Amino acid sequence: MQVKAPRGTYDILPPDSAKWQYIEKIIYETAQLFGYSEIRTPIFEHTELFERGVGETTDIVTKEMYTFADKSDRSLTLRPEGTASSVRALIEHSIYGGVMPVKWYYSGPMFRYDRPQTGRFRQFHQFGVEVFGSNSPYLDAEIIMLLVKILANLGLDDYELHLNSVGCPGCRENYRQKLIAHISPIKEKLCTDCQARYQKNPLRVLDCKVKSCQEAISGFPYIYDSLCDDCREHYTKVKSALEDNHIKYIHDNNLVRGLDYYTNTAFEIHIPQIGSQSAVGGGGRYNGLVKECGGPDIPGIGFALGMERLLLALDSMPGRIQPEVKLDVFLAVLDEKYNSQALQVLDRLRNSNIKADRDYNGRSMKAQMKYADKLGAQVVILMGEDEVNHGTFTIRNMNSREQLEVEAAQVIPVIKDILA
RNA sequence: GUGGGUGUAGCUCAGCUGGUUAGAGCACCAGAUUGUGGCUCUGGGGGCCGUGGGUUCGAGUCCCAUCAUCCACCCCA
């Protein structure tokens, strides 16, 4: 049996690869406009990093990691997300000793052993940003503005921005107690998952998708009401900054992030029309994470975008992108004795920044014309006995069907004129 | 990890209640007189009918398993 790509992985081939290049370019340029610089970290890390950084009780760590032992029996893990590596790099290179805040972006494949589904793969791609060294609520607002700007530049405007604050560890403990107190009396009404987890992490019950749980918890206290003065003030400033900048958001009391390290501001972007995996991006503040990973006590905030989901969203909104890699010039070589000479002609065209190609499979002239048409060539250059003898080339405009014979030296200007 | 759907040419699919050399459209290649594309016509190449078992005189068609894929749950980006 032939070998296929492993479950949950896939190949990105033309013409789809052009779509990827298109959205990557827009995203990187937007991030750079906001003052971010790129980092590239390893695709695998010590398993311990993710256990510490992502949280040992999370689903990601407990059941979704690609963990393996190398030949020296080190336990390594294919990265399931990008924040932990960023934090590790920040600490390892003592970046916090320099100018703060540090604004980074990254992009690349992530790995999670999940059941594949629409918008969910085992190897998927994320773009993310991280900022270290500032606790300003206006930075929270700016990072959300970056996220919104990226979506706008991609032509995506039909989305929902959900916002909440999960407070600091103090608020959370306070809230946890309140929640447990409220859930305990009616725990029989909850699904088995929630019954199992409400003691340890009652926050998870809030965004449980089971209807009966949602019904059971209606009227329950919100974390917003348990925020301490500092956290409440922080959240209020974030909201008003967004309002001042005309960013529409939905305060979502049920939004709690799945990763343990989040504090204060949490946000998610949803595009419902792409299916049940509607979260295109999400992030928040993680003020305790750097310290937790062995660094100094400095705050951080970031978000990640799911590239596959962005593509799904763009595909669901027709006409958003149609990047075509068309050929400028096709060189039809009418006699094989000019094969080598033809390469020189192509070289000259390409040196003038003209996208040019030719046939290598011995096609007839007619077949070469068809081939040129399929490649989307705007111009065909004919190179046959007549032309070579006269020191000229015949240039055919494929759109107007006009043809003219020009001196060798005039070929590039004439073609540039047609392409312009 | 749970539930359901689907696996026939590169792609989209047809193949009636099991019956002889497995089809269509699109795509690909070649022709329709001399060195000319998009339309049309003609011809051609290409399928261990996902894989492995089983039932049967006979299986693309029925049964089981397995793998893959899709949809949803779960989780998340």
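Just so we're on the same page: letters track the sequence lines, and every chain starts at 1. Nothing here was measured: the structure is a model prediction, and the numbers come from that model.
Summarising the geometry, the separation between CZ on A/R401 and P on B/U36 is reported as 12 Å, rounded to the nearest angstrom. B/U36 atom C1' lies 16 Å from atom CG of A/L375, rounded to whole Å. Put simply, CD on A/E81 is 11 Å from C1' on B/C76, counting in whole angstrom units. Counting to the nearest Å, the P atom of B/A77 and the CG atom of A/L151 are 15 Å from each other. Distance, A/L13 CG to B/G10 P: 15 Å, rounded to whole Å. To the nearest angstrom, C1' of B/A32 lies 10 Å from NZ of A/K370. With rounding to whole Å, A/K63 atom NZ is found 12 Å from B/C76 atom C1'. Distance A/D114 CG to B/C73 C1': 12 Å, rounded to the nearest Å.
Comparing the C1' positions of B/C48 and B/G7 gives an interatomic distance of 16 Å, to the nearest angstrom. Comparing the C1' positions of B/G5 and B/G47 gives an interatomic distance of 24 Å, to the nearest angstrom. Nucleotides B/A27 and B/G38, compared at atom P, are 12 Å apart to the nearest Å. Atom P of B/G18 sits at a distance of 16 Å from the matching atom of B/U56, rounded to the whole Å. Here, B/C49 and B/C41 have their P atoms 32 Å apart, quoted to the whole Å. The gap from the C1' atom of B/G44 to that of B/U36 amounts to 24 Å, rounded to the nearest Å. Between B/C62 and B/G19, the distance separating the two C1' atoms is 14 Å to the nearest Å. Rounded to the nearest Å, the gap between the C1' atom of B/C74 and that of B/C28 is 44 Å.
Taking the side chain of A/R115 as heavy atoms from C-beta on, and the options B/U2, B/C73, B/G37, the nearest nucleotide is B/U2. Proximity note for A/P116 (side chain, C-beta onward) versus B/U36, B/C73, B/C70: the nearest is B/C70. Here B/A77 is the nucleotide among B/G35, B/U36, B/A77 with the atom lying nearest to any side-chain atom of A/A304. Distances from the side chain of A/D59 to the nucleotides B/G37, B/C75, B/G1 place B/C75 closest. The listed nucleotides are B/A77, B/G38, B/U36; the one nearest the side chain of A/A279 is B/A77. Of the candidates B/A68, B/C76, B/U36, B/U36 carries the atom nearest the A/K366 side chain, counting heavy atoms from C-beta on. Listed candidates were B/G38, B/C73, B/A68. Nearest to the side chain of A/R7 is B/A68. Checking B/C75, B/G35, B/G37 against every side-chain atom of A/R120, the shortest atom distance belongs to B/C75. The nucleotide whose nearest atom lies closest to any side-chain atom of A/Y262 is, among B/A77, B/G35, B/G37, B/A77.
Taking the six-membered ring for Trp, A/Y105 and A/F127 have ring centres closer than 6.0 Å. Remark: aromatic rings of A/F121 and A/Y10 are close, center separation under 6.0 Å. Centroid-to-centroid, the aromatic rings of A/Y235 and A/H251 come within less than 6.0 Å.
A cation-pi contact links A/R358 to A/Y360, judged by a cut-off of 6.0 Å to the six-membered ring centre and 45° from its axis. Judged by a 6.0 Å distance limit and a 45° cone about the ring axis, A/R79 is not positioned over the six-membered ring of A/F44.
Heavy atoms of A/G119 sit under 4.0 angstrom from at least one base atom. Note on A/G82: nothing from the nucleic acid sits closer than 4.0 angstrom, heavy atoms only. No contact: A/F303 has no heavy atom under 4.0 Å from any strand. Within 4.0 Å (heavy atoms only), A/K374 reaches sugar-phosphate atoms of the nucleic acid but no base atom. Across all strands, A/D335 comes closer than 4.0 Å to no nucleic acid atom at all (heavy-atom distances). Among the protein residues, A/L382 comes within range of the nucleic acid bases, having at least one heavy atom under 4.0 Å from a base atom.
Between A/R363 and B/C29 there is a side-chain N or O to OP1 or OP2 distance below 4.0 Å. Look at A/K4 and you won't find any side-chain N or O under 4.0 angstrom from OP1 or OP2 of B/C67. At the phosphate of B/G37, neither OP1 nor OP2 sits under 4.0 Å from any side-chain N or O atom of A/Q368. Between A/T58 and B/C75 there is no side-chain N or O to OP1 or OP2 distance below 4.0 Å. Remark: A/R112 is not in phosphate contact with B/C75, judged by side-chain N or O atoms under 4.0 Å from OP1 or OP2.
Contact annotation: the side chain of A/E268 never approaches that of A/E160 to less than 4.5 Å [non-hydrogen atoms, C-beta and beyond]. With contacts defined as side-chain heavy-atom distances shorter than 4.5 Å, the pair A/S278/A/I271 does not qualify. By the 4.5 Å heavy-atom criterion applied to side chains, A/I415 and A/I381 are counted as neighbours. Side-chain atoms of A/T67 and A/F50, non-hydrogen and from C-beta on, never get closer than 4.5 Å to each other.
For the residue pair A/S75 and A/E48, no side-chain donor N or O sits within less than 3.5 Å of a side-chain acceptor on the partner.
Checking B/U69 for Watson-Crick or G-U wobble geometry (two distances, each under 3.5 Å) identifies B/G5 as its partner. Checking B/C62 for Watson-Crick or G-U wobble geometry (two distances, each under 3.5 Å) identifies B/G54 as its partner. Across all strands shown, B/G44 forms a Watson-Crick or G-U wobble pair, both distances under 3.5 Å, with B/C28. Here B/A22 sits opposite no nucleotide as a Watson-Crick or G-U wobble pair (both hydrogen-bonding atom distances under 3.5 Å). Pairing for B/G37 is absent, with no Watson-Crick or G-U wobble pair whose two atom distances lie under 3.5 Å.
Interface remark: the A/R396 side chain does not form any donor-acceptor pair with the B/G35 base, using a distance-only criterion of under 3.5 Å. Applying the 3.5 Å distance criterion, the base of B/C75 shares a donor-acceptor pair with the side chain of A/Q277. Interface remark: the A/Q117 side chain does not form any donor-acceptor pair with the B/C76 base, using a distance-only criterion of under 3.5 Å.
Judged by closest nucleotide on RNA chain B, A/R122 is the one of A/R122 and A/H270 placed further toward the 5' end. Residue order along RNA chain B, read from the 5' end via each residue's closest nucleotide, puts A/G362 first among A/T394 and A/G362.
Under the stacking criterion of a centre-to-centre distance below 5.5 angstrom and an interplanar angle below 30°, A/Y371 is not stacked against the six-membered ring of B/G37.
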